[in-house]
There are 2 protein chains.
Amino acid sequence: MTLTTAEENYLKAIYHLSDGATKSVSTNDVAAEMKTKPASVSDMLRKLGDKEVIEYRKYYGVNITEEGKKRALQTIRKHRLWEVFLVDKLQFAWDEVHEVAEELEHIQSPLLIQRLDAYLNYPKFDPHGDPIPDEYGDVRARPRLALNEMDVDQSGQIVAVKDSSAAFLKYLDKVGAYIGARIKILDKVEFDGSMEILVDQKKTLFMSKDVAANILAIQS
Amino acid sequence: MTLTTAEENYLKAIYHLSDGATKSVSTNDVAAEMKTKPASVSDMLRKLGDKEVIEYRKYYGVNITEEGKKRALQTIRKHRLWEVFLVDKLQFAWDEVHEVAEELEHIQSPLLIQRLDAYLNYPKFDPHGDPIPDEYGDVRARPRLALNEMDVDQSGQIVAVKDSSAAFLKYLDKVGAYIGARIKILDKVEFDGSMEILVDQKKTLFMSKDVAANILAIQS
DNA sequence: TCTTATTTTTAGCCTTACCTAAAACCCTAA
DNA sequence: TTAGGGTTTTAGGTAAGGCTAAAAATAAGA
């Protein structure tokens, strides 16, 4: 059973919204994600249900099936491999690659993806730090480090905080850090463990060891 | 004015059939080339006429316009650059690349093509020996050499014969050479200028200097 | 020139993927 | 337990790109 480009895109959206195939997803949410109308989504959900990549009960939203999850992960794999190609080989900036990868991910050729993977040296993460599923759909999550565990000159991306109190999040917001921010360790002060951090390649931030220990990042 | 994937494919077919935008092309010929029905072609010709990439007079076939020629050459450029990528970088065989390139050529990103061109070191010919138009649509035809002018170990492709008498073409056919054949010069005999030539990577052919001088090839 | 054969176009219908408007359904609060 | 209100589906329509069957235009032969 092959999927059209539109079907692949819907399936990918449903996979993302369902938090890795765990939660069920509403028609409205899919419509928002796909920037389309709920009526169009209903149509498409019926089709995807017929193809058994989702379980669809009218009025009750959808759950992705095992087969659907596998298909979604294949598409995500292709997307992320192309992103690596664009950044590593064609010198694209990491924020320029998404739209092009969105087109490239629909090219149908298992051989192409196999060869591309080898050519890129079997990368495990894309330029945004997101993991690349293997050809069976297995994802190896990248280990998270607290910022104070990172070394000077290492780069990464903030993915979570340990203490998610409103106060701490407010502090983060004030200094211009946020979940998803790209960071680089510029300096670590031996004496008190405080750090100097470059955020989004433009803003420099000073933080105490305690603050740094509260912020989790993945390396890139 | 943007073209859909289908429109790009029709335009490319019309360009090829019109021998580089010189001859006019019939509905039936386009239908045969596109493996579709004449009725579908009529529809599409009206659309392409509206977009002014062809000149369409009902019942009298079409001529490609200057704008159409430019568009067709852009698509051909993208197709051939991707073919080079697949062969040079991803180790595809030269006869495995066409279908995948047929998909890749429709990716819309001028930056991608520009970067790909640079990455491949501005190739002038694709793996089949066909010239790659530059970004303005200019094509530099590859100089043709008679086989006896080629050196040992050089590879190429037969593109024409000087003497196109039936007798000579019949002889070529008998020995298994043909327009389009991939060849490699294995040996040249100093004494009489006769040559040993590998055809399509499998058949070895001996020919006199006179015969070799009658066959034109491009180098690859 | 007239008739026939061939080519091309039109007419009408299908599928995919979208849309709007209206109907149906689910849920909650009075 | 029923009336809204929000969500979701259905009904019907559009555009792209295909199809078949039939009509129309061109070309060719007597």
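Letters go in sequence order (proteins before strands), and every chain restarts at 1. All values below were derived from every heavy atom in this structure, side-chain atoms included, with hydrogens, water molecules and symmetry-related copies excluded.
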For this session: Compare side-chain N and O positions of B:S40 against OP1 and OP2 of D:dG18 and report whether any pair is under 4.0 Å apart.
Result: no
Exercise. Within this structure, what is the CZ-to-C1' distance between B:R57 and D:dA25, rounded to whole angstrom?
Worked result: 13 Å
For this session: Using a cut-off of strictly less than 4.0 Å, decide whether A:T36 has a side-chain nitrogen or oxygen near OP1 or OP2 of C:dA17.
Result: no
Problem set entry | Phosphate contact (C:dA24 OP1 or OP2) by A:Y59 side-chain N/O below 4.0 Å | no
Seminar exercise, completed: From CG of B:D43 across to P of C:dC14 the rounded distance in Å is 16 Å
Exercise. So B:E8 and B:H106, side-chain hydrogen bond (donor to acceptor under 3.5 Å, both in side chains) or not? Walk me through it.
Worked result: CA-CA 8 Å; B:E8 281 186 354; B:H106 300 294; 2.6 Å; yes
Exercise. Has A:Y56 got a side-chain N or O lying under 4.0 Å from the OP1 or OP2 atom of D:dT9?
Worked result: yes
For this session: To the nearest Å, give me how far apart NE2 (A:H106) and P (C:dA17) are.
Result: 12 Å
Problem set entry | Euclidean distance, atom NZ of residue A:K37 to atom C1' of D:dG6 [Å, nearest integer] | 16 Å
For this session: May I have the distance from A:M34 (atom CE) to C:dC18 (atom P), rounded to whole angstrom?
Result: 7 Å
For this session: Give a yes or no answer on whether the side chain of B:R115 reaches the backbone of A:L90 with a donor-acceptor pair at less than 3.5 Å.
Result: yes
Exercise. Is the closest basic N to carboxylate O distance between A:K70 and A:E67 below 4.0 Å?
Worked result: yes
For this session: Using only side-chain N and O atoms of B:K58, determine if any of them is under 4.0 Å from OP1 or OP2 of C:dT10.
Result: yes
Exercise. Between A:Q74 and A:E135, is there a donor-acceptor pair closer than 3.5 Å when you use the side chain of the first and the backbone of the second?
Worked result: yes
Problem set entry | Interatomic distance where OH belongs to B:Y60 and C1' belongs to D:dA25 [whole Å] | 8 Å
Problem set entry | Phosphate-side-chain proximity, B:Y10 and D:dG18, N/O vs OP1/OP2 below 4.0 Å | yes
Exercise. Does NZ or CZ of B:K89 fall inside the cone over B:Y119's six-membered ring, less than 6.0 Å from its centre and within 45° of the axis?
Worked result: yes
For this session: Could you tell me the separation between the CD atom of B:E7 and the P atom of D:dA16, rounded to a whole number of Å?
Result: 8 Å
Seminar exercise, completed: Taken to the nearest whole Å, CE/B:M44 to C1'/D:dC19 is 14 Å
For this session: Using heavy atoms to find the nearest nucleotide of DNA chain C for A:A39 and B:A39 separately, return the residue whose nucleotide is more 5′.
Result: B:A39
Problem set entry | Comparing A:S26 and B:T5 on DNA chain D - which has the more 5′ nearest nucleotide | A:S26
Exercise. With a non-hydrogen cut-off below 4.0 angstrom, is A:S42 in contact with a base, only sugar-phosphate, or nothing?
Worked result: base
For this session: Specify the residue among B:N28 and A:T4 whose closest nucleotide of DNA chain C lies further upstream toward the 5′ end.
Result: B:N28
